[in-house]
Colleague: 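Take a look at this one; I'll ask things after.
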Amino acid sequence: MPELPEVETVVRGLREPLVGRRITAMWHDWQRSIHSPAPDEFAARVTGQLVRSLGRRGKYILIHLEHDTLVIHLKMSGRLYVAAADARHEADRWVHVRFDLDQGQLRFSDVRKFGRVYLTSDVAALLSHLGPEPLGDNFTIAGFREGLRERKLAIKARLLQQEFVAGVGNIYADEALFRAGIHPARPAKSLTDSEATRLHRTLREALQTGIEHEGASINWYRKPDGGKGQSQNHFFVYGRPEQPCLRCGAQINKIRVAQRGTHFCPNCQPEPPARAAKS
DNA sequence: CCAGCCCCCTGTCGGC
DNA sequence: TGCCGACAGGGGGCTG
């Protein structure tokens with residue numbers, strides 16, 4: 001669930017409590033939460049390092065230390081928060097990795113255990129598979145169009161590929177496609193130049209709107225301060241199956257595309273003509 | 001290379 | 001009430 005807007009909100013919320021802190025110890029109770037290096041080396045290397053700054057790349061949280069970067073991916077249910085060492089938190093029962101600080105603790109809670117932590121001295125190499133940041137200058141219309149050429153997979157599936165654009169997930173893919181009036185199951189290569197240009201713009205709008213509302217708290221996601229994001233209250237289609245389209249009143253439809261629940265308005269996002277209109 | 005599918009995990013919810 | 005399967009969806013890995 002945490003996509004770019006949620007991860008960005010987490011990073012913003014962690015800057016204040018984390019920058020300037022020093023890591024004094026590391027604890028874990030689930031091996032697989034630690035991607036690399038191996039837990040012993042991880043703990044030895046991370047201990048003693050000062051937190052210099054925080055950043056984000058795609059859906060990855062970057063905690064820049066003196067000599068390494070602590071990289072964290074929340075996947076579906078990860079949560080990160082800083083608490084006083086003796087303070088209890090509602091998500092504590094799912095904490096699988098913890099970093100003790102000179103003041104407080106950074107806790108990584110993860111119900112489904114899909115999340116991963118990494119420690120690396122070369123972030124660029126670790127994340128070299130990622131495409132451009134959709135809100136950055138490298139995300140060009142020309143590059144976006146080029147990435148749609150010759151692809152017959154569904155446009156939604158293409159938007160979810162992180163090597164194409166970094167940070168887009170199921171929710172904001174649906175929202176961007178609705179805003180652009182493009183049916184999610186259309187082959188990527190079937191988009192016209194003007195449709196691609198429109199989608200490039202609405203993708204950025206959907207993500208930016210998500211950041212402004214501090215992310216979507218649908219079930220597990222919370223801001224580091226424990227509060228809920230409000231982005232879910234501003235969705236056009238996600239999570240609104242069988243409800244009226246906010247733009248035309250037609251009933252929002254839910255189908256599966258790329259093995260994911262996919263929401264769209266059959267009126268605002270029509271299936272292209274000509275092609276196999278089954279039934 | 002590409003596209004489709006399974007799997008990793010646990011909590012929640014609908015159906016019987 | 002309790003059990004069970006479906007579903008949630010990021011992304012690595014395998015297959016045809």
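Here is the naming used below: chain letters follow the sequence lines, and residue numbers restart at 1 for every chain.
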Colleague: In whole angstrom, give me the gap between the C1' atoms of B/dG11 and C/dG12.
Modeller: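 Their C1' atoms lie roughly 23 Å apart.
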Colleague: So, are A/Arg56 and A/Glu6 salt-bridged, with charged N and O less than 4.0 Å apart?
Modeller: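 Between A/Glu6 and A/Arg56 there is no salt bridge, as every charged N stays at least 4.0 Å from the carboxylate O atoms.
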Colleague: Taking atom types as modelled and ignoring hydrogens, do the side chains of A/Thr197 and A/Arg145 form a donor-acceptor contact shorter than 3.5 angstrom?
Modeller: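 Judged by distance alone, the side chains do pair up.
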Colleague: For A/Phe164, is the NZ or CZ atom of A/Arg158 found under 6.0 angstrom from the centre of its six-membered ring and inside 45 degrees of the ring axis?
Modeller: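 Yes, a cation-pi geometry holds between A/Arg158 and A/Phe164.
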Colleague: If you measure only the distance, is there a donor-acceptor pair under 3.5 Å linking the side chains of A/Tyr172 and A/Ser231?
Modeller: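 Yes, A/Ser231 and A/Tyr172 have a side-chain donor paired with an acceptor closer than 3.5 Å.
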Colleague: Any idea which of B/dG4, C/dG10, C/dG12 is nearest the A/Leu153 side chain?
Modeller: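 Taking heavy atoms from C-beta onward, the closest nucleotide is B/dG4.
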Colleague: Among C/dG9, C/dG12, B/dA3, find the nucleotide with the atom closest to the side chain of A/Tyr60.
Modeller: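 The listed nucleotide nearest to A/Tyr60's side chain is C/dG12.
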Colleague: Would A/Glu214 and A/Lys223 pass as an ion pair if we require N to O under 4.0 Å?
Modeller: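 A salt bridge is present here (some side-chain N lies under 4.0 Å from a carboxylate O).
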Colleague: Do A/His96 and A/Ser33 pair up side chain to side chain, a donor and an acceptor below 3.5 Å, judged on atom types alone?
Modeller: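 Note: A/His96 and A/Ser33 side chains miss the donor-acceptor criterion.
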Colleague: Do A/Phe108 and A/Ile34 share a hydrophobic cluster, counting only Ile, Leu, Val, Met, Phe, Trp and Tyr and linking them when any side-chain heavy atoms are less than 4.5 Å apart?
Modeller: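 Same cluster.
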Colleague: Toss me the dot-bracket line for DNA chain C: Watson-Crick and G-U wobble, both under 3.5 Å, 5' to 3', using | for pairs to another strand and [ ] for crossers.
Modeller: .|||||||.|||||||
Colleague: Would you indicate, yes or no, if C/dA8 has its OP1 or OP2 atom less than 4.0 angstrom from a side-chain nitrogen or oxygen of A/Lys254?
Modeller: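 Yes.
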Colleague: Distance check, P atoms only: C/dC3 and B/dC9, in whole angstrom units.
Modeller: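 Nearest-Å result for C/dC3 against B/dC9 at atom P: 24 Å.
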Colleague: With a 4.0 Å cutoff (strictly under), does any side-chain N or O of A/Arg256 reach OP1 or OP2 of C/dA8?
Modeller: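 Affirmative; the distance criterion is met.
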Colleague: Is it the case that the side chains of A/Asp68 and A/Gln49 hold a donor-acceptor pair, with the cut-off being a distance below 3.5 Å and no angle test?
Modeller: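 The answer is yes; a qualifying pair exists.
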Colleague: What is the separation between atom CG on A/Leu74 and atom C1' on C/dG11, rounded to the nearest whole Å?
Modeller: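 Atom-to-atom, A/Leu74 to C/dG11, this comes out as 14 Å.
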Colleague: Quantified in whole Å, what is the P atom distance between nucleotide C/dG9 and nucleotide B/dA3?
Modeller: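 Those two atoms are separated by 22 Å.
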Colleague: If the sugar-phosphate is the primed atoms plus P, OP1 and OP2 and the base is the rest, what is the B/S/- string for nucleotides 5-12 of chain B, using protein heavy atoms under 4.0 Å?
Modeller: B--BBBS-
